[in-house]
**Student:** 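Would you mind keeping the following structure in view while I ask a few things?
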2 protein chains.
Amino acid sequence: MNIGEAARASGVSEKMVRHYEAIGLLHPARQANGYRSYAGGDVAVLRFIRHARDLAFPLEDIRKLLALWRDRGRASAEVRGLAMHHVAALEEKARALQAMASSLKHLAAHCHGDDRPDCPILDSLEGRHG
Amino acid sequence: MNIGEAARASGVSEKMVRHYEAIGLLHPARQANGYRSYAGGDVAVLRFIRHARDLAFPLEDIRKLLALWRDRGRASAEVRGLAMHHVAALEEKARALQAMASSLKHLAAHCHGDDRPDCPILDSLEGRHG
DNA sequence: CTTGACCCTCCCATGATGGGAGACCCCACA
DNA sequence: TGTGGGGTCTCCCATCATGGGAGGGTCAAG
């Protein structure tokens with residue numbers, strides 16, 4: 001299977017398929033003409049990566065997850081630990097974003113939002129309040 | 001005032017002070033020796049930028065906000081519109097992150113997290129469920 | 001033999017930030 | 001007058017994941 005078909009089968013762009021190989025996440029064989037050749041296992045790896053990316057795992061985490069996945073005897077605790085660590089990071093980021101949104105919404109609530117130049121949002125950014 | 005003092009006074013790193021100049025957000029004067037020279041207004045701009053960055057405004061938005069800030073006759077509606085648009089973007093991102101965290105937490109809840117190799121998290125990434 | 005789809009590698013861009021090299025400037029102190 | 005140290009200059013590179021595009025090779029069908 002060439003890269004195009006592997007990309008379609010996995011839902012990963014060709015660009016990223018090559019990139020994942022470049023950083024050592026998979027090692028497809030090569031044909032005589034230099035084309036990459038993907039077997040079923042390679043496509044499975046690509047799907048695994050895509051699903052992990054859908055959950056926003058960084059590629060370095062995915063590298064570890066792939067190693068655990070390939071290790072039939074791994075302890076599920078290791079995977080769970082990695083996952084929970086990532087959950088904490090996601091929730092922390094979400095909290096931070098939500099806090100910024102709330103602050104800004106609060107400011108906007110006190111802004112007329114009409115033709116007048118008076119604007120608490122700009123006032124706040126200017127630093128009258130911090 | 002040299003760049004070091006302006007950086008300390010505004011809470012922006014020297015690196016970023018230079019970068020903001022490079023992308024045209026401020027235009028400090030130059031001394032005879034080539035050193036940048038910052039006046040009170042420049043520091044105010046840097047503080048403005050920092051506060052906007054604290055709210056995760058992209059620099060392109062900050063460019064517009066600065067223009068509105070400098071325009072004494074602007075309508076507050078414009079600022080408010082920009083802000084609310086940004087609020088929506090922040091909330092959308094926060095929602096997405098929270099959704100990923102929830103999915104992953106759900107998976108982790110079904111993972112023993114012990115010595116056994118059995119792991120619903122890896123199973124899910126593998127694609128048995130997607 | 002041409003056409004078109006596919007594949008290759010290499011370079012560049014994003015957005016915001018930082019690290020570091022190599023060189024220059026300036027002031028204080030001996 | 002010389003030197004040391006701190007401040008500043010520009011330029012290049014790295015991050016993270018992703019994509020765009022150039023320039024060229026490969027292959028199968030017409």
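Residue numbers begin at 1 in each chain, while the letters A, B, ... track the order of the sequences.
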**Student:** Any donor and acceptor pair, going by atom type alone, linking the side chain of B/H112 with main-chain N or O of A/A75 inside 3.5 Å?
**Tutor:** no
**Student:** How close or far is atom C1' of D/dC9 from atom CD1 of B/I3, stated in whole angstroms?
**Tutor:** 10 Å
**Student:** Has the side chain of A/R53 got a donor or acceptor atom that lies under 3.5 Å from a matching backbone atom of A/F57?
**Tutor:** yes
**Student:** How is B/E60 classified with respect to the nucleic acid when contacts are heavy atoms under 4.0 Å: base, sugar-phosphate, or nothing?
**Tutor:** nothing
**Student:** For the OH atom of A/Y20 and the CZ atom of A/R63, what is their distance to the nearest 0.5 Å?
**Tutor:** 12.0 Å
**Student:** Give me the bend of the helix from C/dC1-D/dG30 to C/dA30-D/dT1, using the axes of the five pairs at each end, rounded to 10°.
**Tutor:** 40°
**Student:** A/I49 CD1 to D/dA17 C1': how many Å, rounded?
**Tutor:** 13 Å
**Student:** Measure from CG on A/N2 to P on D/dC27 and round the result to the nearest Å.
**Tutor:** 10 Å
**Student:** Take atom CD of A/E14 and atom C1' of D/dT18, then tell me their distance rounded to the nearest Å.
**Tutor:** 14 Å
**Student:** Below 4.0 angstrom, which residues in residues 23-36 of chain B have at least one non-hydrogen atom near DNA chain D?
**Tutor:** B/R30, B/G34, B/Y35, B/R36
**Student:** Any side-chain heavy atom of B/H86 within less than 4.5 Å of one from B/P58?
**Tutor:** yes
**Student:** Is there a donor-acceptor pair under 3.5 Å between the side chain of B/R47 and the backbone N or O of B/A9?
**Tutor:** yes
**Student:** Could you go step by step and tell me if A/R74 and B/L122 meet the side chain to side chain contact (heavy atoms under 4.5 Å, CB included) rule?
**Tutor:** CA-CA 11 Å; A/R74 86 267 163 172; B/L122 290 180; 3.4 Å; yes
**Student:** D/dT18, OP1 or OP2 - any side-chain N/O from A/S13 closer than 4.0 Å?
**Tutor:** no
**Student:** Among A/E5, A/E14, A/E21, exactly one meets salt bridge (charged side-chain N to carboxylate O under 4.0 Å, His left out) together with A/R36. Which residue is that?
**Tutor:** A/E21
**Student:** With a 4.0 Å limit, can you tell me whether A/R18 has a side-chain N or O closer than that to the phosphate oxygens OP1/OP2 of D/dT18?
**Tutor:** no
**Student:** State yes or no: do B/Y35 and B/Y38 share one hydrophobic cluster built from I, L, V, M, F, W and Y residues joined by side-chain heavy-atom distances below 4.5 Å, directly or via other members?
**Tutor:** no
**Student:** Mind checking if A/Y20 touches a base, just sugar-phosphate, or nothing, with heavy atoms under 4.0 Å?
**Tutor:** sugar-phosphate
**Student:** Hey, what do you get for CG (A/N2) to CZ (A/R8), rounding to the nearest 0.5 Å?
**Tutor:** 9.5 Å
**Student:** Under 4.0 Å from a heavy atom of chain B: give me the 5'-most and 3'-most nucleotides of DNA chain C that qualify.
**Tutor:** C/dA16 to C/dC26
**Student:** What integer distance in Å separates A/K93:NZ from D/dC16:P?
**Tutor:** 11 Å
**Student:** Quick one: are A/D118 and B/S76 in side-chain contact, heavy atoms under 4.5 Å?
**Tutor:** no
**Student:** Would you kindly compare A/P58 and B/Y38 by the position of their nearest DNA chain D nucleotide and give the one closer to the 5′ end?
**Tutor:** B/Y38
**Student:** Is there a donor-acceptor pair closer than 3.5 Å between any side-chain N or O of A/D42 and the backbone N or O of A/A39?
**Tutor:** yes
**Student:** For B/E5 and for B/K15, find the nucleotide of DNA chain D with the closest heavy atom, then tell me which residue's nucleotide is more 5'.
**Tutor:** B/E5
